[in-house]
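For reference, the structure is listed below as structure tokens.
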Amino acid sequence: MAVPGLVVASPWRRLAPVYAAAFLYNVALWVPIEKLFMTSIGFDAAEIGVMAAVYAAVVPLLETPSGILADRWSRRGVSMVALAALVVSVTLGGLSQNVVTYLVAALFLGVFLAMQSGTFDSIVYDTVLEETGDSATFERSIGRLRLVESVGLVASALAGGAIAAVLPLRATYFLTIPFIVAAGVAVALLREPRLQRSDEPVPLRRQIVTTYRTILNRGRLRPVVALIVLTSLLAQVMIEFGPLWMVALAAPAVLYGPHWAGLTAGLGLGGVLGSRPEFRSRWVIVLVGIVMVACTAALASTRAAVVVIIAQLVLTLLVVALSIPLLRRLHDAIPSTIRAGVASGVSTLTWLTFIPFALVIGFITDAAGVHTAGWLLVVVAAVGAVLAVIVLPGEPARPVAAEAAPVPAPKPIVDPSFAADRFRLPDDPDWPGHWADPPVEWASLGDDALAQIRVAVLELPLPQRRVVIMRDVEKRSQADVCSSFGLSPTEEQALLGQARGTIRARMEHHLEGRQA
């Protein structure tokens with residue numbers, strides 16, 4: 001029994017709360033005037049550096065533990081806690097009268113960044129997998145998320161400066177709070193995917209070990225993780241250090257606004273570009289790598305402000321575009337039970353790489369100028385281009401079964417789903433063992449039937465759920481299923497029959513209710 005129509009659902013409507021929340025919490029009206037406000041309450045250049053170090057230290061400390069918490073407890077719950085931390089951060093920031101209070105606000109900002117990292121991406125991936133049975137639309141889904149985030153950033157960059165021109169600087173902090181609260185409401189409306197829920201609780205220690213081992217030791221993941229770190233590194237350098245080139249070239253003040261708006265817009269446009277199927281073509285990836293290296297070379301050599309701006313915008317757009325298919329390959333290679341933890345752990349590696357890299361760039365810039373520091377970016381872009389050609393071309397691998405747990409599946413205990421008299425006898429001359437009276441046809445009943453099928457699949461015991469998804473949704477062979485879960489053909493067939501029978505029983509009950 002194939003599960004009819006199970007792979008044709010659309011995840012867009014179910015992801016609407018995610019997109020709404022992503023836009024709302026990125027409307028950070030205080031960001032454009034933050035440095036000006038900090039100066040007004042007593043910060044000097046050294047203390048601004050301390051503030052940046054505070055949240056930069058908190059993020060890698062909490063990222064992976066918060067991802068593991070999201071896997072074990074609730075990704076929606078962790079997102080709500082993250083937004084609560086953001087409300088505290090913005091409130092304390094607006095109330096700050098001195099450096100110490102603002103540093104506490106920065107601490108809570110780090111908590112938000114750590115807890116949000118990897119969580120939304122995991123929600124998007126598992127929702128797509130749960131709704132469609134495949135990860136094929138994940139790139140478009142995550143590309144839309146990046147675009148929505150970018151729109152929120154650009155809108156807040158423009159609106160925050162305008163508000164600060166007519167109201168006190170503190171007002172931008174307090175006016176941001178309603179947007180964060182609205183984001184929390186949107187998250188509360190989210191129907192959370194259930195693929196990470198395991199019927200057999202996994203000990204915390206085993207899950208922690210499995211998560212870290214997956215990040216560090218999985219052979220096919222290593223080049224993917226390395227490339228994610230390199231592309232994230234380039235994007236982060238553009239956001240944090242991009243204005244230094246403008247300062248070094250004595251660019252007119254009028255260019256700073258378009259420059260920043262272009263960088264934040266590039267985050268969203270890169271998400272849209274990276275969701276295109278052309279990003280699986282080897283020649284497209286080679287061209288992208290060449291352009292990336294050319295952009296970094298321009299930053300290291302040119303003295304024209306317009307060329308620098310264009311190079312930074314194009315570089316930001318391309319590294320974000322590369323990150324979209326990379327995220328799919330990352331999530332395809334890990335089970336749902338540890339998805340958020342692994343995604344957060346990879347982000348932690350990025351932060352741990354960025355901190356010393358930023359210190360080196362700062363030292364070289366101070367000693368020899370920002371253009372000399374730009375040659376470091378050329379090296380990073382060249383290595384990233386080579387890895388991209390190795391990792392990205394071609395069709396992605398099949399997703400790991402969404403229910404695959406970090407421990408072996410228990411041996412099945414199979415009970416009959418239907419009375420024996422509903423089937424033909426084993427010695428029947430025509431159809432031994434088949435239905436005596438075929439069940440009602442329900443393949444074309446529409447969305448309500450498909451919803452019942454999805455619920456029935458999700459409520460199956462774990463061994464049955466794994467087998468029926470691999471056989472009837474992913475269309476895997478019996479040998480593949482037996483090899484994946486250590487089953488004999490007899491055990492696999494028993495589990496499959498039990499699962500199909502339970503699904504059919506639910507559908508018959510549903511149809512009887514409709515007819516009544």
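All of these numbers come straight from a predicted model, not from anything done at the bench. Worth knowing before you read on, the calculation uses all heavy atoms, side chains too, and leaves out hydrogens, waters and symmetry mates.
Side-chain atoms of Met238 and Leu377, non-hydrogen and from C-beta on, do get closer than 4.5 Å to each other. The closest side-chain heavy-atom distance from Phe108 to Thr91 is not below 4.5 Å. Side-chain contact between Pro193 and Ile123: present, with at least one pair of heavy atoms (C-beta onward) separated by less than 4.5 Å.
Between the Arg170 side chain and the Ser96 main chain, a donor and an acceptor come within less than 3.5 Å of each other. Not one N or O on the side chain of Gln116 forms a donor-acceptor pair closer than 3.5 Å with the backbone of Ala82. A distance-only check finds a donor-acceptor pair linking the side chain of Ser89 to the backbone of Ala105 [under 3.5 Å]. Using a distance-only test at 3.5 Å, with no hydrogens or angles considered, no donor-acceptor pair links the side chain of Ser347 to the main chain of Ala343. A donor-acceptor contact shorter than 3.5 Å links the side chain of Ser344 to the backbone of Ser117. Side-chain atoms of Thr119 never come within 3.5 Å of backbone atoms of Ser79 as a donor-acceptor pair (strictly under, hydrogens ignored). Put simply, the side chain of Arg146 never gets that close to the backbone of Leu267: no donor and acceptor are under 3.5 Å apart. A donor-acceptor pair under 3.5 Å links the side-chain atoms of Asp71 to the main chain of Gly341, judged by distance alone. Judged purely by atom type and a 3.5 angstrom limit, Arg329 has no side-chain atom pairing as donor or acceptor with the backbone of Val224. Although no hydrogens or angles enter the test, the distance criterion places a donor-acceptor pair under 3.5 Å between the side chain of Arg14 and the main chain of Arg191.
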Q: Determine, step by step, whether Leu95 and Thr101 satisfy the side-chain contact (heavy atoms from CB on, under 4.5 Å) criterion, reporting the C-alpha distance in whole Å, the side-chain angles of both residues, the deciding distance to 0.1 Å, and the verdict.
A: CA-CA 8 Å; Leu95 294 173; Thr101 307; 5.8 Å; no
Q | side-chain contact (heavy atoms from CB on, under 4.5 Å) between Leu330 and Leu221, intermediate numbers included | A | CA-CA 7 Å; Leu330 174 69; Leu221 267 186; 3.8 Å; yes
Q. Where do Ser156 and Val31 land on the side-chain contact (heavy atoms from CB on, under 4.5 Å) test, with the steps shown first?
A. CA-CA 8 Å; Ser156 62; Val31 170; 5.7 Å; no
Q) For Ile41 and Gln97, what are the C-alpha separation, side-chain angles and deciding distance, and is it a side-chain contact (heavy atoms from CB on, under 4.5 Å)? A) CA-CA 6 Å; Ile41 62 173; Gln97 302 286 345; 5.5 Å; no
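Partners of Phe138 under the ring pair (Phe, Tyr, Trp, His ring centres under 6.0 Å) rule, at least two apart in sequence or in another chain, are Tyr125, His331. Scanning for ring pair (Phe, Tyr, Trp, His ring centres under 6.0 Å) contacts around Tyr102 gives Phe43, with sequence neighbours left out.
For the pair Val237 and Phe357, the tightest heavy-atom approach, listed with the atom from each and the gap, is CG2-CE2, 3.7 Å. The two residues Val59 and Gly110 make their nearest non-hydrogen contact at CG2-O, 3.6 Å. Heavy-atom minimum distance, Thr211 versus Thr64: CG2-CG2, 4.4 Å. In plain terms, the two heavy atoms of Val111 and Ala85 that are nearest each other are CG1-CB, 3.8 Å. Between Val154 and Ala265, the shortest heavy-atom distance links the atoms CG2-N, 3.8 Å. Taking each heavy atom of Ala22 and Glu149 in turn, the nearest pair found is CB-CG, 3.9 Å.
Interatomic distance, CG of Leu15 versus OG1 of Thr127, reported as 5.0 Å (0.5 Å rounding). A distance of 10.0 Å separates OG1 of Thr353 from CD of Gln236, quoted to the nearest 0.5 Å. Atom CG of Leu349 sits about 9.0 Å away from atom CD of Glu63, to the nearest 0.5 Å. Within the model, atoms CG of Leu83 and CE of Met80 stand 7.0 Å from one another, a figure rounded to the nearest 0.5 Å. A distance of 7.0 Å separates OG1 of Thr264 from CD1 of Ile239, quoted to the nearest 0.5 Å. Atoms CD1 and CG, from Ile163 and Leu169 in turn, are 11.5 Å apart once rounded to the nearest 0.5 Å.
Taking the six-membered ring where tryptophan is involved, the planes of Tyr173 and Phe37 are tilted, since the angle between them lies from 30° to 60°.
Taking 4.0 Å as the cut-off between side-chain N and carboxylate O, Arg75 and Asp121 do not count as a salt-bridged pair.
A donor-acceptor contact closer than 3.5 angstrom links the side chains of Glu192 and Ser74.
Environment of CZ in Arg276: sparse, with no more than 12 heavy atoms of neighbouring residues, nucleotides or ligands closer than 6.0 Å. Annotation: Phe174, atom CZ; neighbour count of heavy atoms from other residues, nucleotides and ligands within 6.0 Å is above 12.
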Show me, pair by pair, the donor-acceptor contacts under 3.5 angstrom made by side chains of residues 318-325, not counting sequence neighbours?
unit_1, atom_1, unit_2, atom_2, d
Ser323, OG, Val320, O, 2.5

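Of the residues listed (Leu86, Val90, Leu92), the one engaging Val88 in a side chain to side chain contact (heavy atoms under 4.5 Å, CB included) is Leu92, and it is the only one.
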